[in-house]
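To start, the structure itself, in structure tokens.
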Amino acid sequence: MRRAMISLISSALILILNFITGIIVARLLGPEQRGLLAAAVSICTMIAGITSWSIADILARHLAMQNRPRFDIFGSHMVLMLGGTITGLLSVVFLSGAGLLFLPGTGALIFGGLILIIPCMHFSQTAMGILQGTNSWVGWNFVRVSPHLAYLLALLPFIHFETPTHWIALAYGLSNVAPVILAIIIAARKETTQHRTNFQELRRTAFEALRIHSGRILQMVRQNIDRILIPLVFDPTILGYYVVAMTLATPLFSAATTLTSVYIPRITAELRSGTLQARRRTLREATSLIFGGVIFSGIYALASRPLVILLFGEDFAPGANYLPLTVIIVAGYCVTKLLEAYMIALDHTRFVLIAELLPLLSILISMALFNENFMSFLTFLALTSWVSVAIYISYFFIALRPSIFDINNKN
């Protein structure tokens, strides 16, 4: 319970910090430059995530299995992390040289500071894996919050004067150094070994990481591909409006993610060993959360439109037109996120992996069909997000029927 409360508090703090920095950056840059910055950040974030090997998860698992957890500083985890970092940096260089995915000015932002995201994410994730594997959850949450707080503090001096976009990009890149320093300081207190790895051990670790990382790759692409492609297909200014709408809609998704992290252990325990009454009670709670969340999303979509101008300024007024559809899209993602908790608890991870493809494919298909009308693009995404919900619910009832709906169940 203590660990869950600390995680909830840190997640809420991250949400608040991101909301504040989103407002500050939008007001400092305006729609077009805000769109360019968002595209550049998404390119580096996606590459960093894809080349990370989910090292934190696999390292935490390996350390937790040891009677006396010790991190091998010359082991397979460190080799994979360094290899991923080099691959990520070379990928950016290759994309720049080939002229792929870079809008005019985006490359300068990336090489002017945002490229720091790649090595910093990999090093901090490795240290966070050590903290997870040794049950250092307070330190782990401090590391989670640190880059968001550092970014806000770095932006404060810029508030009262006109700021070039590359300064903001440099501030964002440097803010990613904070979790590296903090994580290394905390993780350095843990025990270490210095045994060199061998090819067999490296291969085993790589294959185990790949099984976990395949799903994460889809998540990273889905979370960033829209910000990368929108300015290429439409316009950076359109992306600026879209980012503002997403900033206002993000609290819904953050709430769903937090609920999922809290519900997965409870759902797992009750589906495996709880009584039929307990399992039905949890299902009713989840259903109530879904209905309540959908109703709240509709009210929020209407009520929050004036917030676009109030918080972000008149320059972002067109973003208010995109907000209702954006909230509908995010609400669909929220419902699927909670249903995913049940799928993960039931160990139906293959279905979750397949279902993760649907939002990604819908973005690509929508851009191909509606590359001249952004409202039509968003409308298609809104429809497909709820088609995904329908697919999840259909499979959800099929998967849960033996454990909850079967009247012959002896529990």
Side-chain angles (χ1 to χ4, degrees), residues 17-46 101-110 112-114 117 151-152 154-155 158-159 161-173 175 222-253 301 304-330 363 366-367 370-382:
L17 291 172
N18 286 343
F19 196 78
I20 295 172
T21 54
I23 295 171
I24 293 173
V25 172
R27 284 187 167 273
L28 286 173
L29 298 182
E32 182 179 3
Q33 293 301 309
R34 181 67 187 94
L36 284 173
L37 180 64
V41 168
S42 291
I43 289 170
C44 291
T45 301
M46 186 174 73
L101 299 181
F102 292 113
L103 294 166
T106 307
L109 297 180
I110 292 174
L114 293 178
I117 294 172
Y151 187 37
L152 175 60
L155 289 175
F158 301 142
I159 290 178
F161 59 90
E162 187 174 344
T163 307
T165 309
H166 66 270
W167 285 18
I168 304 296
L170 179 60
Y172 189 94
S175 69
R222 178 173 61 81
Q223 291 169 5
N224 292 281
I225 196 67
D226 53 349
R227 288 174 170 83
I228 294 173
L229 294 181
I230 284 174
L232 294 174
V233 176
F234 297 99
D235 185 79
T237 303
I238 294 293
L239 178 58
Y241 299 146
Y242 175 71
V243 169
V244 163
M246 286 299 296
T247 299
L248 287 171
T250 295
L252 298 175
F253 191 72
S304 60
R305 289 188 64 167
L307 291 177
V308 174
I309 298 175
L310 178 66
L311 296 176
F312 298 97
E314 291 286 347
D315 290 343
F316 288 91
N321 298 325
Y322 305 142
L323 182 58
L325 285 171
T326 305
V327 171
I328 291 172
I329 294 167
V330 173
I363 291 172
S366 185
M367 284 188 171
F370 308 106
N371 52 24
E372 295 182 357
N373 190 318
F374 191 69
M375 286 295 288
S376 297
F377 165 78
L378 287 181
T379 302
F380 184 84
L381 290 187

Per-pair distances, 0.1 Å, donor-acceptor, side chain in residues 226-241, under 3.5 Å, sequence neighbours excluded:
from, atom 1, to, atom 2, distance (Å)
D226, OD2, Y242, OH, 2.7
D235, OD2, T237, N, 2.8
D235, OD2, T237, OG1, 3.0

With D315 via side-chain hydrogen bond (donor to acceptor under 3.5 Å, both in side chains) - residues at least two apart: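 Counting only residues at least two positions away or on another chain, D315 forms no side-chain hydrogen bond (donor to acceptor under 3.5 Å, both in side chains).
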
Sorted by chain and number, sequence neighbours left out, side-chain hydrogen bond (donor to acceptor under 3.5 Å, both in side chains) with N371 holds for none

Exercise. Go through L114 and T45 one step at a time and tell me if the side-chain contact (heavy atoms from CB on, under 4.5 Å) criterion holds.
Key: CA-CA 9 Å; L114 293 178; T45 301; over 6 Å; no

With sequence neighbours left out, the residues meeting ring pair (Phe, Tyr, Trp, His ring centres under 6.0 Å) with Y151 are Y172

* Any side-chain heavy-atom pair of L248 and F19 under 4.5 Å -> yes

Listing, residues 316-328 side-chain donor-acceptor contacts under 3.5 Å, not counting sequence neighbours, or none:
from, atom 1, to, atom 2, distance (Å)
N321, OD1, R305, NH2, 3.1
T326, OG1, Y322, O, 2.7

Side-chain donor/acceptor pairs under 3.5 Å, residues 374-382, sequence neighbours excluded:
from, atom 1, to, atom 2, distance (Å)
T379, OG1, M375, O, 2.8

Output for pair (I23 CD1, N18 CG), nearest 0.5 Å, gives 11.5 Å

Q.
Distance check, rounded to the nearest 0.5 Å: I43 atom CD1 versus L103 atom CG?
A.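 Result: 7.5 Å between the selected atoms.
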
List, one per line, each side-chain donor-acceptor pair under 3.5 Å for residues 24-36, sequence neighbours excluded.
from, atom 1, to, atom 2, distance (Å)
R27, NE, L311, O, 2.7
R27, NH2, L310, O, 3.2
R27, NH2, L311, O, 3.4
Q33, OE1, T165, OG1, 2.8

Minimal non-hydrogen separation, L109 against A40, with atom names: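 For L109 versus A40, the nearest heavy atoms are CB-CB, 4.2 Å.
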
- Item | Ring geometry between F158 and W167 (parallel below 30°, tilted from 30 to 60°, perpendicular above 60°) | tilted

